[in-house]
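This report concerns only the one structure given below.
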Amino acid sequence: MTDLLKTSLNRRTVLQAASVGAVGVSPALRALVHAQGSDAPEKKEVKIGFIPLTDCASVVMASVLGFDKKYGVTIIPNKEASWAGVRDKMVNGELDFAHVLYGLVYGVHMGTAGPKKDMAVLMNLNHNGQAITLSKALADKGAVDGPSLAKLMAKEKREYTFAGTFPTGTHAMWIHYWLAAAGINPLSGAKLITVPPPQMVANMRVGNMDGFCVGEPWNHRAIMDGIGITANTTQDIWKDHPEKVLGTTAEFVKKYPNTTRAVMMAILEAGQWIDASLSNKMKMAETVAGKAYVNTSVDAINQRILGRYQNGMGKTWDDPNHMKFFNDGTVNFPYLSDGMWFLTQHKRWGLLKSHPDYLAVAKEVNQVELYKSVASAMKINVPKDVMRTSKFMDGVVWDGKDPAKYADGFKIKA
């Protein structure tokens, strides 16, 4: 961790430190790019797309606190209306990078989420911190989790509608997995629609859906507004799951390698800063709640960011597996097995018609060596293995060893 982050700094101190850093490129970046034969980012100003969600925080804070200037770049956060808009602008070059759904990047790379283009996952931005929200109307009938929802759906037959945020994205995969774990076939037993995150609560209010999966603060907002309850968090489904990533095109990484590294460093340092203290988390919540970013009340953000959860029916708990942005570097490493998992689910739900070469695709997309070089320059720990093992809510273990067998092994699938 840098000296800058060892103390809890107010914004003025951070900006003063950043302006000093802006005079020359930071020593960490200088050492790294010197080895590449050049000293500075090729592109000084970069546009980074984001959707109004709590997990855009490290991108926003890198800009607000001046960490970007320290590494010789200026980050311009661009607020976008939908994930489809983020995809289009990334692909056509209007955005240089994006705070983006893991599965969206893979969907574009494979051509299952629109026109095919070679893409890059540079690093994870966060773990955890999404949720499944069910309508208050369902909860009043006793549907408060997967099993009780399945029971109600079997008893009161009608079309039940659930929303994700993008067809190949994380939220679509979490809600598919969650429904299937409860014995509900998300393809034949329910209707799944796509709704942009900031529109989820309004759509539930007017009765357009029975449930949704989205990032914070929109699950907590549904509770505050008295229209929804939290059935499960996504960390209940997969503890420390990958969520948003810093994404770009493969072409951008090749063309602007130093710029890419500088941006990664600035955002990594912002993630370190957020996770460093409770007061930093509170400052972050105040900042991202603002109109230019998430545009909600601070109290919609600051509870769950500290792990203080309520389900909307009187239950409260402290969740140690709340949203994290750094967690001593464990958050940010782009594990190949994580990327492969999304591909297994795309195959499971018929988005991919045949098995791809899972490992080869993950190696193309996830920029592991680039991440390692950046982490090394910043003295951030990296895991020894590019694969990790995870146990899901249904007891099924994913380790990346036999992805085709894993994808085909589910009872409920396309």
Any non-hydrogen side-chain atom of [X] less than 4.5 Å from a side-chain atom of [Y]?
X	Y	answer
Leu149	Ile184	yes
Met61	Trp273	yes
Trp398	Met340	yes
Ile267	Met123	yes
His109	Glu364	yes

Determine, for Trp349 and Lys347, whether the Lys NZ or Arg CZ falls below 6.0 Å from the six-membered ring centre while staying within 45 degrees of the axis.
->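 Relative to the ring axis of Trp349, which defines the angle, Lys347 lies outside at least one limit.
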Ring-face cation of Arg348 near Tyr177 (centre distance under 6.0 Å, axis angle within 45°) =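 Because its charged atom sits under 6.0 Å from the ring centre and within 45° of the axis, Arg348 does stack over Tyr177.
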Please list, chain by chain and in numerical order, all residues satisfying ring-ring contact (aromatic ring centres under 6.0 Å, His included) with Phe333, sequence neighbours excluded.
->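 Partners of Phe333 under the ring-ring contact (aromatic ring centres under 6.0 Å, His included) test: Tyr335, Tyr371.
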Compute whether any side-chain donor of one residue and acceptor of the other, for [X] and [Y], lie under 3.5 angstrom apart.
X	Y	value
Trp174	Gln345	no
Asp145	Asn232	no
Glu45	Thr74	no
Asn258	Tyr71	no
Glu42	Thr259	yes
Thr233	Arg304	no
His99	Asp55	yes
His355	Asp408	yes
Asn219	Thr133	yes
Asp240	Asn128	yes
Asp328	Thr330	no

Look at [X] together with [Y] and state whether they make a salt bridge at an N to O cut-off of under 4.0 Å.
X	Y	value
Glu216	Arg221	no
Asp318	Arg308	no
Lys117	Glu251	yes
Lys324	Asp275	no

With respect to Phe97, which candidate in Phe252, Tyr256, Phe50 satisfies the ring pair (Phe, Tyr, Trp, His ring centres under 6.0 Å) definition?
->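 Per the ring pair (Phe, Tyr, Trp, His ring centres under 6.0 Å) rule, the option paired with Phe97 is Phe252, out of Phe252, Tyr256, Phe50.
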Value rounded to 0.5 Å, distance of SG in Cys213 from CH2 in Trp218 =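 Reported to 0.5 Å precision, the distance equals 15.0 Å.
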OG/Ser390 to NZ/Lys239 distance, rounded to the nearest 0.5 angstrom?
->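 The OG atom of Ser390 sits 10.0 Å away from the NZ atom of Lys239.
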Tyr106 vs Phe342, ring pair (Phe, Tyr, Trp, His ring centres under 6.0 Å): CA-CA, chis, key distance, verdict | CA-CA 8 Å; Tyr106 270 77; Phe342 286 103; 7.3 Å; no
Check: [Y] main-chain N/O paired with [X] side-chain donor or acceptor under 3.5 Å:
X	Y	result
Asp68	Ala266	no
Glu243	His241	no
Asn78	Lys47	no
Ser82	Pro196	no
Thr230	Asn311	no
Thr112	Leu352	no

So Phe410 and Tyr406, would you call those rings parallel, tilted or perpendicular, with 30° and 60° as cut-offs?
->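 Plane angle over 60°, so perpendicular.
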Quick one: do His322 and Ile305 satisfy side chain to side chain contact (heavy atoms under 4.5 Å, CB included)? Show the steps, please.
-> CA-CA 7 Å; His322 57 80; Ile305 205 69; 5.9 Å; no
If every non-hydrogen atom of Leu351 is compared with every non-hydrogen atom of Pro167, which pair is closest and at what distance?
->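 That would be CD1-O, 3.8 Å.
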With ring pair (Phe, Tyr, Trp, His ring centres under 6.0 Å) as the test, would you mind laying out the steps for Trp341 and Trp238 before giving the verdict?
-> CA-CA 12 Å; Trp341 184 84; Trp238 174 4; 5.2 Å; yes
